[in-house]
Number of protein chains: 2
Amino acid sequence: MEAILSRKEQIERTATALFKTKGYSATSMRDLATALGIEAASIYSHIKSKEEILQRVCFRMAQEFFEAIDAAEEAGGSATDRLKRAIAAHVQVLTHNKEASAVFLHEWRHLSEPLLGTYLALRDKYEARFREIIRAGVKNGEFAVPDEKFAALTILSGLNWTHTWYKPEGKMTPAEIAENLSEMLLNGLSTKKQALHDTYSHLNTI
Amino acid sequence: MEAILSRKEQIERTATALFKTKGYSATSMRDLATALGIEAASIYSHIKSKEEILQRVCFRMAQEFFEAIDAAEEAGGSATDRLKRAIAAHVQVLTHNKEASAVFLHEWRHLSEPLLGTYLALRDKYEARFREIIRAGVKNGEFAVPDEKFAALTILSGLNWTHTWYKPEGKMTPAEIAENLSEMLLNGLSTKKQALHDTYSHLNTI
DNA sequence: CCTACCGATCGGTAGG
DNA sequence: CCTACCGATCGGTAGG
């Protein structure tokens, strides 16, 4: 399980942990060097700049999320099935890359242009994948939501909190977390559907 | 509506906007001074330190959230009623203090002890208010959740994303946002309750 | 609220 | 991977 890491990978991994806990800006190259047991200047034999580390982490995570949702959607099925698999895939990536996910979610704003724009475009594309599944579900009557974009963002934000409390040694496995999140988001807390929304009950009139 | 602000309030408000967009660490006192149209040294006639600004924002927002949930729970009612009112109260505070909420939610880790500990204790106490409502609802059969703590955090994280996209001039009012969030979180996306609940009733025994 | 300035620290480079 | 060092900038103070 413990792969031998190249120095560059060590730098990236250590920096990721520091970026998560202290934030990108508050982490100095000397902090990073100390954590690695070398001098600050030595880091530059392996990387070009502090921001390069951030870039690598952000875009590697973007790729991971896309690969995961691609695999999740490949099997097809109902909108419910696809959403549940997309949620599970997202949670798998989050829990398997806890530190890097935190950096991806919170430190991206320290990217400079043009990569910042690229990052934001990728994120929107990823969110669109969730919007599409929800849209399909609304169209065929599986789902009822106030607004597709709103629903997609609410779901993703519910998932994205996971990295703040997830511990590999905790009592819930990533698969169980995903199942519980799916349950909460698809079925809600209430034991019965309420006549809450006459406002948009015209949507679910069957 | 536009109250006359004291210089100290101006400093705090301008700093809050900068902390939100650039982050606390990446915002320099010279950035702040430039935004205010004065010299950096002049700021210190009004505040003691950069961190004092962060402290004031974080603890003011904590107070706002508590006052809001106090008012929301005062009316009593079913767990469903109380949860819906707590959600609406939380969203009101978030949308009414967009920048300060972002700082409260994301920049608190730059507080130093002992205030950091105080902050974390307050946040846990606030989350406990939601856990209590959920627990009451589970007990009397209104709600079914995999885990009360898990449910409270998922709900709060769903709400807390609001500040990233809310715009006062947007098409949804804070009250509508709250209603839509309540609808999604209480009833879920699915048009019918699935037989999923049986799936995790065994998970609880693990 | 300003000028003048402080010691500390920042990201990064030169040269080995 | 190190020593030695750079110019820039940091949060903050003295004194008016």
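Residue numbers begin at 1 in each chain, while the letters A, B, ... track the order of the sequences.
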Subject >> Flag for A:H90-A:N160: side-chain donor and acceptor within less than 3.5 Å >> reply: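 Yes, A:H90 and A:N160 have a side-chain donor paired with an acceptor closer than 3.5 Å.
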Original post:
Looking just at side-chain N and O atoms, do A:E51 and A:S112 make a donor-acceptor pair shorter than 3.5 Å?
Top reply: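 A:S112 and A:E51 do have a side-chain donor-acceptor pair below 3.5 Å.
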Between atom [atom1] in [X] and atom [atom2] in [N], what is the gap in whole Å?
{"X": "A:K50", "N": "C:dT13", "atom1": "NZ", "atom2": "P", "answer": "15 Å"}
{"X": "B:H110", "N": "D:dC10", "atom1": "NE2", "atom2": "P", "answer": "16 Å"}
{"X": "A:K22", "N": "C:dT9", "atom1": "NZ", "atom2": "P", "answer": "12 Å"}
{"X": "B:M29", "N": "C:dC6", "atom1": "CE", "atom2": "C1'", "answer": "16 Å"}
{"X": "A:Y44", "N": "C:dG16", "atom1": "OH", "atom2": "C1'", "answer": "19 Å"}
{"X": "A:R30", "N": "C:dG11", "atom1": "CZ", "atom2": "C1'", "answer": "7 Å"}

Is [Y] paired with [X] through a side-chain N to carboxylate O contact shorter than 4.0 Å?
{"X": "B:R131", "Y": "B:D124", "result": "yes"}
{"X": "B:E132", "Y": "B:R135", "result": "yes"}
{"X": "A:R85", "Y": "A:E73", "result": "no"}

Subject >> Residue met sooner reading DNA chain C from 5', once A:D31 and A:K48 are mapped to nucleotides >> reply: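 Its nucleotide being nearer the 5' end, the pick is A:D31.
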**OP:** Apply salt bridge (Lys or Arg N to Asp or Glu O under 4.0 Å) to A:E39 and list each qualifying residue two or more places apart in sequence or on a separate chain.
**Re:**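 Result, salt bridge (Lys or Arg N to Asp or Glu O under 4.0 Å) vs A:E39: none returned.
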**OP:** Verify the ring-centre separation between B:F104 and B:F59: is it less than 6.0 angstrom?
**Re:**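 No: the rings miss the under 6.0 Å criterion.
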Original post:
What do you reckon, are the aromatic ring centroids of A:H106 and A:H163 less than 6.0 Å apart?
Top reply: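 Yes, ring centres under 6.0 Å apart.
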Which atom pairs link the protein and nucleotides 1-3 of chain C when you take only N or O atoms and keep those under 3.5 Å?
residue, atom, partner, partner atom, Å
C:dC1, OP2, B:R7, NH1, 3.2
C:dC1, N4, B:S45, OG, 3.4
C:dC2, OP2, B:E39, N, 2.7
C:dC2, OP2, B:S42, OG, 2.5

**OP:** For B:H46 and B:E9, indicate whether the former's side chain and the latter's backbone hold a donor-acceptor pair under 3.5 Å.
**Re:**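 No, B:H46 side chain to B:E9 backbone: no donor-acceptor pair under 3.5 Å.
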Original post:
Just checking B:S25: base, sugar-phosphate only, or nothing, at a heavy-atom cut-off of under 4.0 Å?
Top reply: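 It contacts nothing in the nucleic acid.
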Subject >> Watson-Crick or G-U pairs under 3.5 Å in DNA chain D, rendered as dot-bracket with [ ] for crossing pairs and | for another strand >> reply: ||||||||||||||||
Original post:
So, is A:S28 near the phosphate of C:dC10, with a side-chain N or O under 4.0 Å from OP1 or OP2?
Top reply: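 So the side-chain polar atoms of A:S28 do come within 4.0 Å of the phosphate oxygens OP1 or OP2 of C:dC10, strictly under.
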